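Source: prediction; values computed, not measured. We name chains A, B, ... by the order of the sequence lines, and we start the count at 1 in each one. Excluded from the calculations below are hydrogen atoms, water molecules and symmetry mates; all remaining heavy atoms, backbone and side chain alike, are included.
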Amino acid sequence: MSATTAGLGGVRSALAALGGRVGLSTNTDQERLDKARAVMLGEIDGSHAAYMETCLHCGMCAEACHFYLGTNDAKYTPIWKVEPLKKVYQRELGPMRWLHRMVIPDITLKELEAWQPLVYDACTECGRCDLMCPMGIQISPMIGIMRRALAAADLLPAELAGAADEQKKQGSVLGAGRAELLALAHDLESAGIHVPLDLPAADVLLLTSALDVKAFPGSLKATAKILNKLKVNWTLLSNSIALLGTGESLKELHVRRIFDEAVRHGAKTVLLPECGHAYPALRFDSAHLIGEALPFSVYSIAEFVGREIIGGRLRVNREAAGGTVTYHDPCKLGRHGGVFDEPRAAIRALGLELREMESHGRTNLCCGGGGGQFMIERAAPLRHRAFELKMREVDDTGATKVLTACNSCRYNYQAGGAESNWLTPVESLVEHVAANLAD
Amino acid sequence: MNILEFARGPAFEVALIVFVFGVCWRLAGIFLMHRRLDRSKPRQGALIAGGMRAIVMRSLPPHELEKKIVFQHISGYAWHLAFFASVLLFAPHIPFFKQFLGFGWPTLPNTVALLSGAVALAILAALLWRRATRPVLRQLSTLDDYLSIVLVILPLVTGFMTYARVLPFGLRYETMLGLHVLSICALLVWFPFGKLMHLFLAFPARFQAGALLKRKGV
C-alpha cells in the first residue's frame with residue numbers, strides 16, 4: 001500500500017528540476033513592492049483588522065508552531081511572520097494610521113525578501129497557532145495573504161514558482177498531467193476497475209492530484225473501487241491536475257474553473273482526492289472567491305467514505321490482520337475543515353485499534369510539509385526538525401502504522417522517515433477501506 | 001489651582017474626552033471596515049453560539065494546548081482579577097465613582113484590596129521582566145508594550161504611596177494624590193492608542209474566531 005520507491009524518487013527528481021524553471025523577475029523593485037502592497041490592501045478586511053488590532057504581543061502562538069517547537073528560534077513565532085502585513089495595515093488602513101505613519105517605516109522589498117523563508121519555508125498554514133491565541137487571532141489566513149503578496153512580488157520560492165509555471169503552461173504538475181492520468185486510468189481499466197472518464201454529466205465529479213498519479217496511484221484505484229461499489233453516477237475529470245491549484249496565487253482561478261466544471265456536469269457532489277490543500281480552498285474559501293453559494297457539496301474522499309460508512313451505505317469487513325494504528329489528521333482536512341469523525345468512523349469499522357497521538361484532532365501537529373513546504377529543497381533541514389516532533393508522538397502511541405488521508409502528508413512522512421531510518425509504515429485510510437469492502 | 005485641583009479638574013476632563021473619543025474612533029475604524037461575506041455552507045450551524053463559546057472558553061484554563069502556556073494563563077487571570085479588585089473594590093475609590101456615576105457599591109476590606117494591588121504590581125513586574133528577557137517576546141515588543149505596562153504600574157505605585165502616605169521629597173499628601181490622579185489621566189490618554197484597547201477588542205475578536213471555527217466544524 002505504500003508508494004513505490006520509484007514513485008517517491010520520481011517526485012523527488014521532479015521537485016529538483018522545478019528550481020531552475022523560472023527566471024528572475026522582469027519587474028522593477030518598485031513595481032514588485034507595489035504589487036505586494038496592492039495584494040495586502042486588497043485582501044485585508046474588517047476581520048483581519050480586528051485581529052491585528054487585538055494582538056497583545058504575548059508570544060503564545062510560538063508555543064503552537066512546530067517550527068518554533070522544533071528549533072526554539074524566535075523568528076518562527078507565527079504572528080511575527082505577518083509583521084509586514086501589520087505594517088501595511090497600520091500605515092494605510094488602520095484608524096490610527098495618521099499616527100502610525102509617523103512612527104512605523106514603510107515596508108521595503110528587502111524586508112519582503114527577508115520574510116520569504118518565514119512564510120514559505122517556516123509555515124505550512126497548519127492553523128495550530130489559530131487555536132492557541134488567547135484573543136482568537138486567526139494567524140494562518142493572514143500568512144496566506146503574506147504568501148500571495150510575496151508571490152505578486154515575484155518572491156515565490158523557486159520550486160513553487162516552477163510548479164505553478166508548469167501547471168499554467170503545460171497543465172501538468174511534477175511531470176504528471178493529462179496523459180499520465182489517462183495512462184493510469186487505462187491501467188486500472190485493464191485491472192478490471194472501471195474509471196468513467198469525462199462523462200458529460202454525473203452526480204459525483206471526482207478530481208485527482210499529481211501526487212496520486214506520480215507516487216500514490218493506489219489512492220485513485222481505491223477511490224474508484226469504492227465509488228463503483230456504491231454504484232454512484234460518477235466521473236473523473238481527465239484535466240484534474242490542471243484544475244487543482246498548486247499555489248495561493250492561482251487559487252481564485254482554479255476554484256472558478258472547478259466551479260464551472262461542476263456546474264457544467266450538473267454535479268451534486270465534488271469529490272476531492274487525498275489532497276489536503278484543495279479541501280478548505282473549495283469547501284470554505286470558494287464561495288466568497290466566486291461570490292455565490294456553491295450549488296453542490298464538497299467532500300474529501302476520506303470524509304465521503306466515512307459518511308457512507310456511518311450512514312450504512314458502505315459496509316466494510318474487519319481487517320483480518322487487525323492491529324494498532326494511529327491517525328494523522330491532515331491540517332487542511334481537520335483544523336481547516338472539521339473532518340475529524342469520519343476517518344475515525346472508518347478506522348473503527350475496519351476493526352483497527354486506534355491509538356491517538358498526544359496531539360490529535362484539533363490540536364494535531366502538522367507533519368511539517370504542508371502548504372507546499374515539502375517542495376522547497378532548502379527547507380529540508382527545518383522540515384525535518386518539525387517532523388522529529390511528529391515521529392516522537394507517533395512512537396509514543398506504540399501503534400504499528402500511521403493512517404492518513406492526505407498524500408502530501410503521506411509523502412512528507414515517507415520522505416522524512418527515510419531520512420531518519422524511521423520504519424513505521426504510513427498508509428492511506430481510503431486504500432485500507434477499499435481493500436476491505438464487504439460483499 | 002494646585003496640582004490636585006488641576007488633576008481632578010481640567011486634566012481629568014481632557015483625559016476623559018481623549019479616552020472616549022479615541023476609543024470610539026478606533027472601534028468605528030475597525031468595525032465599519034468592509035468585511036467579506038462568507039457564503040460557504042456551515043458544517044455546523046449555531047455560529048453565534050460558537051462565537052459566544054469562544055468568548056468564554058478561548059483562554060479558560062486548561063486550554064487545549066495548556067502544557068506550554070501555564071504561566072501566561074495563571075498570570076493573565078491573576079493580574080486582571082487583582083487589578084480590577086484593587087481599582088473597583090477599594091473603599092477610598094468609591095466616593096470618586098459615586099460622584100462620577102451617581103452610585104456606589106460594596107467594597108473589599110482595605111487590606112484585601114491593597115493585597116490585590118500588590119499582587120497586580122508583582123505580576124506586572126514579572127511580565128515586564130519576561131518581555132525584556134525572552135527572545136520571542138523581545139522580538140515582538142514595541143514601544144506600546146513597554147509604555148502600556150509602565151502606565152499601568154504608575155497608578156498602582158502612586159496609589160500605594162498615597163494611601164500609605166509615603167511622601168518623598170517632602171511632597172504634601174494632596175500633591176501625591178494629585179500625582180496619582182494624573183497617572184490615571186495619562187493611562188486614559190494612552191488607552192485608545194495602544195494595546196490596552198484589548199479591553200474592548202478581545203471579545204469581538206474571539207467571537208469572530210469562534211464563529212469561523214464553528215462554521216468549519218472545528
Where is the tightest heavy-atom contact between [X] and [Y], given as atom of each residue plus distance?
{"X": "A:Pro95", "Y": "B:Gly29", "value": "CB-CA, 3.8 Å"}
{"X": "B:Gln139", "Y": "A:Lys75", "value": "OE1-CA, 3.4 Å"}
{"X": "A:Glu342", "Y": "B:Arg43", "value": "OE2-NH1, 3.8 Å"}
{"X": "A:Asp130", "Y": "B:Arg58", "value": "O-NH1, 2.7 Å"}
{"X": "A:Ala287", "Y": "B:Ser40", "value": "CB-N, 3.5 Å"}

Legend entry - Pairwise distance OG(B:Ser148) to CG(A:Leu56) - rounded to 0.5 angstrom: 9.5 Å
Legend entry - Spatial distance of atom CG (A:Asp45) from atom CE (B:Met33) [nearest 0.5 Å]: 8.5 Å
Inset, instruction - Inspect the contact between B:Arg26 and A:Glu53 and indicate whether a charged nitrogen and a carboxylate oxygen are less than 4.0 angstrom apart. - result: yes
Could you tell me which portion of [X] (side chain, backbone, both or neither) has an atom closer than 4.5 angstrom to a non-hydrogen atom of chain B?
{"X": "A:Ile290", "answer": "neither"}
{"X": "A:Ala293", "answer": "both"}
{"X": "A:Arg97", "answer": "neither"}
{"X": "A:Tyr76", "answer": "neither"}
{"X": "A:Asn72", "answer": "neither"}
{"X": "A:Glu303", "answer": "side chain"}
{"X": "A:Leu99", "answer": "side chain"}

Inset, instruction - Under 4.5 Å, counting heavy-atom pairs only, tell me which of A:Cys133, A:Ser297, A:Ser359, A:Gly334 racks up the most with chain B. - result: A:Cys133
Inset, instruction - Flag the pair A:Trp80 / B:Val136 as yes when at least one side-chain heavy-atom distance between them is below 4.5 Å, and no otherwise. - result: no
Legend entry - Heavy-atom side-chain contact between A:Thr54 and B:Lys195 under 4.5 Å: no
What part of [X] lies closer than 4.5 angstrom to a heavy atom of chain A: side chain, backbone, both or neither?
{"X": "B:Pro135", "value": "both"}
{"X": "B:Leu32", "value": "neither"}
{"X": "B:Leu37", "value": "backbone"}

